[in-house]
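Take a look at the structure set out below.
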Amino acid sequence: MSLIQIRTLPMLLALLLLIQGCVTSTVDEVLYEGPKANLGDASVVIMGRRHASDYETEPDFIECVGDHIKSADKTINVMSELDFMNALYPWFEPRTAPLRPLDIERLIQVGPVKRKLEELKTEYMVWIDGETVRTEGSGSMTCGIGPGGAGCFGFGTWGNDANYEATIWDFTDRQEVGRMSTQASGQSYMPAVVVPIPIIAPVQGTACDGLGEQLLEFFSSE
Amino acid sequence: MSGLTTIARWALPGIAALLVACSNNVVVQGNFPEPVLDKMPYTIGVYYDPEFRGHEFFDEASSREESDWLVRTGDAQVQMYNTLLPGMFEKVVMLNDIPRRDRVEAVGGEHLDAVLVPHVAELQYSIPSHTKINVFEIWMRYRYELYATDGELLADWTMTSYGKTPTAFLQSAEAAVNLAAVVVLRDAGANFAMNFSSVPEVKMWMEQVEVAQDSLSLEDEAATVEPAVGNDSGEAEQ
């Protein structure tokens, strides 16, 4: 009996760790121009909007969307956000980044910027604006430690909402060619009987997959 | 007695380690990119005063649960300006002193159009302790002085910058502070680069330098034409 317990306990714990909270998500898309195939050696850059005072688009989310596209279609050259910002410093910092496609015209007037953009072969720029926020939470948990061991008891739950919008700019034509948005929400739980077991809803990950998939459809030649 | 000494020998480093653990010391480190700009046709002298070079801020813990913070930003901000300014101006000369009316030699005999002296005027920061995540915010106000080589103050203005830890994911508190400081310095550089020529006093100085450069080039042209005139007149005399 004790042998069965020893064998099943780690499996049970592993299973519990794999359990995820439920997430619901929706994706909307508006394209002004049809998806273009064969980007060739041109590059796409995905950037986060950070000019608002009360929130910032998370760099992890931008990285996640880029990784999603790169892993699904290796022919797409997705440039890292930080590399692009460094290559064109100080033109894409939160306080200086262009807010409309027409602002690219102003950038092109600066000789070194024009040369750098040509060198980087930037064909499309995707601006992602949004954030994942924690919504209502409830429950309580008490943890204690003593000579006999440590443990927690209680139950906690909280929600997460992700809301992101991606705007695609065509660098060559200096115009907006598409807009996509994703919304995801989910509830996470943390029951604790001696050991706290987090059942996390992958809200941001789901939003990343949703937006990444839509962008992939736009850029992918496969 | 020897037992007590042994205990003390083992316990003292432990106590010292615990005391050290109550304070955080961060020397800000980061890579600052070269700016992609059309260089302005000026030779600028730059002087960083000792306070600027060794700038740091200290936050004393207000309770036993909190820890002291000492954040050294001096080296990083000097590194940022040393990368930024040569990308903005045709030539940058580092100076060991501020130019004054009685000490023109401070500029070291170099032809300079002006001397820039940056200062940290104000710094504020916040630690959102209620969220228990490692996200820090820093706000800085820089004061810039632009001097003529004879020590005359040409312009004196301030610019602000803001930085926040971009992500709290897998960050230690020290790394989060460092990241926020790097972001605030990048923002300071961006603000300076984009708005330097819009400062009214700086604009006026740029116009004066332009006029001076134009009149110099006219004098040069005149000087190259004069010998020919002299020859003509000489020939006429003969």
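All chains are named by letter (A, B, ...) in the order of the sequence lines, taking the proteins before the strands, and each is independently numbered beginning at 1.
A donor-acceptor pair is defined here as one N or O able to donate and one able to accept, closer than 3.5 Å; such a pair exists between the side chain of A:Tyr89 and the backbone of B:Ala190.
Side-chain contact between A:Pro90 and B:Leu37: present, with at least one pair of heavy atoms (C-beta onward) separated by less than 4.5 Å.
The number of heavy atoms from other shown groups lying within 6.0 Å of CZ (B:Phe58) is above 12. Counting heavy-atom neighbours within 6.0 Å of A:Lys70 NZ, excluding the residue itself, gives a total above 12. Counting non-hydrogen atoms of other residues, nucleotides and ligands closer than 6.0 Å to CZ of A:Arg100 gives a total of 12 or fewer. Sparse packing is recorded around CE of B:Met204, with 12 or fewer heavy atoms of other residues, nucleotides or ligands lying under 6.0 Å away. Under a cut-off of 6.0 angstrom, the local environment of CD in B:Gln124 is crowded, with over 12 non-hydrogen atoms contributed by other residues, nucleotides or ligands. Counted within 6.0 Å of CD on A:Glu105, heavy atoms from surrounding residues, nucleotides or ligands total more than 12; the atom is thus considered enclosed. More than 12 heavy atoms of other shown residues, nucleotides or ligands fall within 6.0 angstrom of atom CG in A:Asn163.
A distance of 4.0 Å separates CG of B:Asp187 from CZ of A:Arg95, quoted to the nearest 0.5 Å. Atom NZ of B:Lys164 and atom CZ of A:Arg50 lie 10.0 Å apart (nearest 0.5 Å).
Within the 4.5 angstrom heavy-atom criterion, only side-chain atoms of B:Leu84, from C-beta onward, approach chain A. If you measure heavy-atom distances from B:Asn31 to chain A, you find no contacts under 4.5 Å at all. Contact of A:Leu82 with chain B is made through the side chain alone, with heavy-atom distances under 4.5 Å.
Considering every non-hydrogen atom in both B:Asp38 and A:Val110, the closest pair reads OD2-CG1, 3.9 Å.
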Side chain to side chain contact (heavy atoms under 4.5 Å, CB included) assessment of B:Met194 paired with A:Glu93: CA-CA 11 Å; B:Met194 304 307 277; A:Glu93 297 298 299; over 6 Å; no
